[in-house]
Amino acid sequence: MSKKITNNIRRLRFDNDEMTQQMLADEVGVSRQTIVAIEKDKYSPSLEVAFKIAEYFNVPLNVIFQYK
């Protein structure tokens with residue numbers, strides 16, 4: 001059985017005043033397409049980007065990303 005990384009970024013964005021993908025991308029220094037790919041579980045972010053996302057939302061990494 002293959003494992004993959006899933007995430008709650010979309011939920012966190014909507015809970016944060018319905019933040020757009022572009023707004024989050026600008027905050028963490030990536031393209032909007034990168035945020036789209038991460039949200040769709042098509043791309044696993046670098047540790048640096050993962051930490052930047054967690055820091056932006058002020059939550060631990062495991063609240064955003066899960067390894068299943």
Side-chain angles (χ1 to χ4, degrees):
M1 180 182 201
S2 118
K3 294 185 177 190
K4 70 177 189 170
I5 295 175
T6 60
N7 68 79
N8 296 315
I9 295 173
R10 187 169 189 269
R11 168 60 32 217
L12 286 164
R13 282 192 307 100
F14 279 91
D15 289 348
N16 192 31
D17 295 328
E18 296 188 12
M19 171 184 233
T20 66
Q21 291 168 329
Q22 185 64 59
M23 291 166 74
L24 179 57
D26 291 344
E27 289 292 333
V28 299
V30 298
S31 70
R32 184 187 68 79
Q33 291 81 4
T34 298
I35 298 299
V36 170
I38 294 169
E39 284 187 3
K40 291 183 176 183
D41 300 327
K42 302 285 186 197
Y43 174 73
S44 295
S46 68
L47 278 174
E48 180 180 1
V49 171
F51 276 107
K52 284 181 178 181
I53 293 169
E55 181 178 22
Y56 178 80
F57 288 115
N58 197 32
V59 296
L61 272 178
N62 66 335
V63 169
I64 299 176
F65 299 99
Q66 300 79 41
Y67 182 62
K68 298 181 180 181

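Atoms considered below: every heavy atom in the structure, side chains included; atoms not considered: hydrogens, waters and symmetry mates.
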Partners meeting side chain to side chain donor-acceptor pair (under 3.5 Å) with N8 (sequence neighbours left out): none

With clusters built from Ile, Leu, Val, Met, Phe, Trp and Tyr whose side-chain heavy atoms come within less than 4.5 Å, directly or transitively, what are the remaining members of the cluster of F14, listed by chain and number? none

Residues in side chain to side chain contact (heavy atoms under 4.5 Å, CB included) with E55, at least two apart? none

Can you see which heavy atom on A54 is nearest to which on P60, and at what distance? CB-C, 4.4 Å

Would a single hydrophobic cluster contain both L12 and F51, if residues Ile, Leu, Val, Met, Phe, Trp and Tyr are joined by side-chain heavy-atom contacts under 4.5 Å? yes

For D15, which residues count as a salt bridge (Lys or Arg N to Asp or Glu O under 4.0 Å) partner, sequence neighbours excluded? R11

Can you find a pair of side-chain heavy atoms, one from N62 and one from Y67, that are under 4.5 Å apart? no

Answer yes if I35 and Y43 sit in the same cluster of Ile, Leu, Val, Met, Phe, Trp and Tyr residues linked by side chain heavy atoms under 4.5 Å apart, and no otherwise. yes

Rounded to the nearest 0.5 Å, how far does CD1 of I38 lie from CZ of R10? 15.5 Å

Shortest non-hydrogen pair, A50 vs L61, comes out as O-CD2, 3.4 Å

Taking salt bridge (Lys or Arg N to Asp or Glu O under 4.0 Å) as the cut-off, I'd like each qualifying pair that reaches into residues 44-54, sequence neighbours left out, listed once. E48-K52

Test side chain to side chain contact (heavy atoms under 4.5 Å, CB included) applied to M19 - qualifying residues, sequence neighbours left out: R13, N16, M23, L24, E27, Y56, F57

Once side chain to side chain contact (heavy atoms under 4.5 Å, CB included) is applied, do any residues pair with S44, and if so which ones, sequence neighbours excluded? I5

Holding to side chain to side chain donor-acceptor pair (under 3.5 Å), I want the full list of residues that pass it with Q66, two or more places apart in sequence or in another chain. T6

dist I53:CD1 -> I9:CD1 (nearest 0.5 Å) comes out at 4.0 Å

Test item: D41 side-chain N/O and K4 main-chain N/O as donor-acceptor pair under 3.5 Å: no

